Amino acid sequence: MKMIYDVKDKPKAGQVLIFGFQQLLAIMAATIAVPMIIGNGMSIAAALFGAGVGTFVYVLFTKASSPVFLGSSFAFLGSMAAAFAGAVSAEAGFAGIILGAIFAGLVYVVIALVVKIVGVNWLNKLMPSVVIGPTVAIIGLSLAGNAVGDLQKSNVEGGSPLIAVLCGLVTVLVVTLCSTYGKKMARLIPFIIGILAGYILAAIFTAIGFAADIDALKILDFSPVTALVADGVTFSTFFSVPEFSFLKSAKGWGQLDAGYIGTIAAAYMPVAMVVFAEHIADHKNISSIIERDLLEKPGLHRTLLGDGVGSMVGAFFGGCPNTTYGESVACVAITRNASVVTIMTTAVMAIVISFIAPVIAFLSSIPSCVMGGVCMTLYGFIAVSGLKMVQKVDLNENKNLFVVSIILISGIGGLTLNFGKITITSVATSLILGILLNIVLSGKKSAEE
């Protein structure tokens, strides 16, 4: 796939601001969803700030060679919940999630050192296209339910799912038309145009719903915006400092005991091994899209260090361990803009916007159905990227056919493995099964030869 902007290209200043904002919209929903799910006083703005800072760390370690944004990781939801559940206070809970991110980041650092010493050839043999292709597809397919669920969701109680679906499908249509037939800028910013189209349509339906008192037409929830002026217009209406996790944890570090620290290590470190598998899949995918092997240059050890250290730094500010985002990879593929300058601009925007209350409020008001429409295109593109890798595989050979089949069925079926507080996600489970089956069948073939 030929890029309009390659990795080292620098779009014009005006353009790069628009491209950066588009990337921000692509990763926004997932990044702010994690603190919303965990609760316990976690801040959406702080998570956004942490994602921006973490991405800068990643760019630094990868020598600005990998066009990927780091956002809040869903894989650590159980670990974060366990940290708060086992803490003696909220402050200790925040100290726990920061400590957990440090433990997880250290796992990445250790793996990076091993990779630096022994290289990546073993990894290519362990995870060939027949394994990694369907695994990448599963990353997209496993999120399909989330996209479709959001597509049918109204943000106002009583809103019609059919109206929500209509707004979401208009978003999908505009995104695909701009990406396929758009000229110049329209082709580079299909998500911005699509979200605006869906948002405006939802606003029109909602306005009619309030005017005619028809609840079914009310789709868009304006409360995040109106809440800004609920107590009058003040300085905080426009500017507010995020509630950073390291500030909330200040009094909690002295409350940690050895038993709790052990619990945190057990909750976070095994999950880091699982996310490592997804790290490989994401980087194999982006490598195929930009047609340069990131595992060789800048090197897997650098991408791991960037991800691990970036995750620690991100959690220090926002509480959420970070990870490379498939949504970001898909945005690069669809817009054909692999410029790392764009990613850095997105990181700056995430940091700046976290302080600007009206922008946070507007982004929070984007209807779920509109974001569901965007995610349909993003997740679908991730799935197709994986299937494109499978094109290189000879599926007339039973060995390959069974490996791909098992990965797809276990992943789509949502097979997970639970060991106490540790959950191995469906993506990681399918990857592990694929690796093991490929080894077994390859060994059998070698014996017969």
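Here the structure is a predicted model, which is why all the values come from computation and not from measurement. Scope of the values below: all heavy atoms of this structure, side chains included, with no hydrogens, waters or symmetry mates.
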**Student:** Taking ring-ring contact (aromatic ring centres under 6.0 Å, His included) as the criterion, tell me which of W253, F317, F94 meets it with F246.
**Tutor:** F317

**Student:** Say you draw a straight line from CZ of F402 to CG of L441; how long is it, rounded to the nearest 0.5 Å?
**Tutor:** 8.5 Å

**Student:** Using the ring of each side chain (for Trp, its six-membered ring), is F49 parallel, tilted or perpendicular to F355, with breaks at 30° and 60°?
**Tutor:** perpendicular

**Student:** Quick check for you: to the nearest 0.5 Å, what is the distance between L305 atom CG and I111 atom CD1?
**Tutor:** 10.5 Å

**Student:** Determine the minimum heavy-atom distance between C320 and S72, stating which atoms define it.
**Tutor:** CB-OG, 3.7 Å

**Student:** Donor-acceptor pair, distance only, cut-off 3.5 Å: does the side chain of S354 make one with the backbone of A46?
**Tutor:** no

**Student:** Mark yes or no for whether S410, through its side chain, and I406, through its backbone, hold a donor-acceptor pair below 3.5 Å.
**Tutor:** yes

**Student:** Would you compute the distance between atom CG of N146 and atom CE of M371 and round it to the nearest 0.5 angstrom?
**Tutor:** 12.5 Å

**Student:** Just one of T176, V374, I193, L196 clears the side-chain contact (heavy atoms from CB on, under 4.5 Å) bar with T171, so which one?
**Tutor:** V374

**Student:** Would you indicate whether the side-chain heavy atoms of L48 and I353 approach each other to under 4.5 Å?
**Tutor:** yes

**Student:** Distance from M28 atom CE to F191 atom CZ, nearest 0.5 Å?
**Tutor:** 14.5 Å

**Student:** Between S365 and Y199, does any side-chain donor sit less than 3.5 Å from a side-chain acceptor?
**Tutor:** yes

**Student:** Determine the minimum heavy-atom distance between G319 and S245, stating which atoms define it.
**Tutor:** N-OG, 3.1 Å

**Student:** Could you tell me whether a side-chain N or O of S339 sits under 3.5 Å from a main-chain N or O of N337, the two making a donor and an acceptor?
**Tutor:** no

**Student:** Are any of the side-chain heavy atoms of V332 and Q23 separated by less than 4.5 Å?
**Tutor:** yes

**Student:** Using a 4.5 Å cut-off on heavy atoms from C-beta on, say whether the side chain of L395 contacts that of V404.
**Tutor:** yes

**Student:** Within the supplied structure, the quantity of interest is the number of heavy atoms (other residues, nucleotides, ligands) at a distance under 6.0 Å from K8 NZ; does it exceed 12?
**Tutor:** yes

**Student:** If I compare all heavy atoms of G306 with all of V57, which pair ends up nearest, and what's the gap?
**Tutor:** O-CG1, 4.2 Å

**Student:** Nearest 0.5 Å, what's the OG1-CD1 distance between T303 and I286?
**Tutor:** 12.0 Å

**Student:** Can you list the steps and then say if L106 with M312 is a side chain to side chain contact (heavy atoms under 4.5 Å, CB included)?
**Tutor:** CA-CA 9 Å; L106 289 176; M312 293 186 214; 4.2 Å; yes

**Student:** Decide yes or no for M269 and V110: does some side-chain heavy atom of the first lie under 4.5 Å from some side-chain heavy atom of the second?
**Tutor:** no

**Student:** Look only at the side chain of T263 and the backbone of G259, and say whether a donor-acceptor pair between them is shorter than 3.5 Å.
**Tutor:** yes

**Student:** Report the C-alpha distance between S368 and N155 in whole Å, list the side-chain angles of each, state the deciding distance to 0.1 Å, and finish with yes or no for side chain to side chain donor-acceptor pair (under 3.5 Å).
**Tutor:** CA-CA 7 Å; S368 297; N155 285 37; 3.1 Å; yes

**Student:** Do you know the tightest heavy-atom contact between N400 and D394?
**Tutor:** ND2-O, 3.0 Å

**Student:** Test side chain to side chain contact (heavy atoms under 4.5 Å, CB included) on I102 and Y268; report intermediate values, then the result.
**Tutor:** CA-CA 9 Å; I102 293 172; Y268 273 83; over 6 Å; no

**Student:** Is it true that a side-chain atom of Y260 and a backbone atom of A83 form a donor plus acceptor pair closer than 3.5 Å?
**Tutor:** yes

**Student:** Are the side chain of E243 and the backbone N or O of S43 linked by a donor-acceptor pair below 3.5 Å?
**Tutor:** no

**Student:** Looking at K284 and G133, would you say the former's side chain and the latter's main chain have a donor-acceptor pair under 3.5 Å?
**Tutor:** no

**Student:** Less than 4.5 Å apart, side chain to side chain, heavy atoms only: is that true for I189 and Q15?
**Tutor:** no

**Student:** I'd like to check Y325 versus T31 (side-chain heavy atoms, cut-off strictly below 4.5 Å). Are they in contact?
**Tutor:** yes

**Student:** Should E327 and C375 count as side-chain neighbours, where that means a heavy-atom distance under 4.5 Å?
**Tutor:** no

**Student:** The test is side chain to side chain donor-acceptor pair (under 3.5 Å); show your working for S223 and D221 and say whether it passes.
**Tutor:** CA-CA 6 Å; S223 62; D221 181 10; 2.9 Å; yes

**Student:** Compare all side-chain heavy atoms of Y58 with those of V68 and state whether any distance is below 4.5 angstrom.
**Tutor:** yes

**Student:** Donor-acceptor check, side chain of K248 to backbone of G41, threshold 3.5 angstrom: yes or no?
**Tutor:** yes

**Student:** Take I192 and I18 through the side chain to side chain contact (heavy atoms under 4.5 Å, CB included) test and state the conclusion after the steps.
**Tutor:** CA-CA 8 Å; I192 291 179; I18 299 173; 3.7 Å; yes

**Student:** Minimum heavy-atom separation for L300 to I280, with atom names?
**Tutor:** CD1-CD1, 3.6 Å

**Student:** Which value, rounded to the nearest 0.5 Å, describes the distance between F381 atom CZ and I289 atom CD1?
**Tutor:** 7.0 Å

**Student:** I would like to know whether I97 and F76 meet side chain to side chain contact (heavy atoms under 4.5 Å, CB included); could you show each step before the answer?
**Tutor:** CA-CA 10 Å; I97 60 175; F76 290 97; over 6 Å; no

**Student:** Can S89 and Q255 be said to form a side chain to side chain donor-acceptor pair (under 3.5 Å), step by step?
**Tutor:** CA-CA 8 Å; S89 68; Q255 301 172 10; 2.4 Å; yes

**Student:** Where do P11 and T342 come nearest, in terms of heavy atoms and distance?
**Tutor:** CG-OG1, 4.1 Å

**Student:** Has M344 got more than 12 heavy atoms of other residues, nucleotides or ligands less than 6.0 Å from its CE?
**Tutor:** no

**Student:** Among residues at least two apart in sequence or on other chains, which ones pass side-chain contact (heavy atoms from CB on, under 4.5 Å) with I261?
**Tutor:** L99, F103, L256

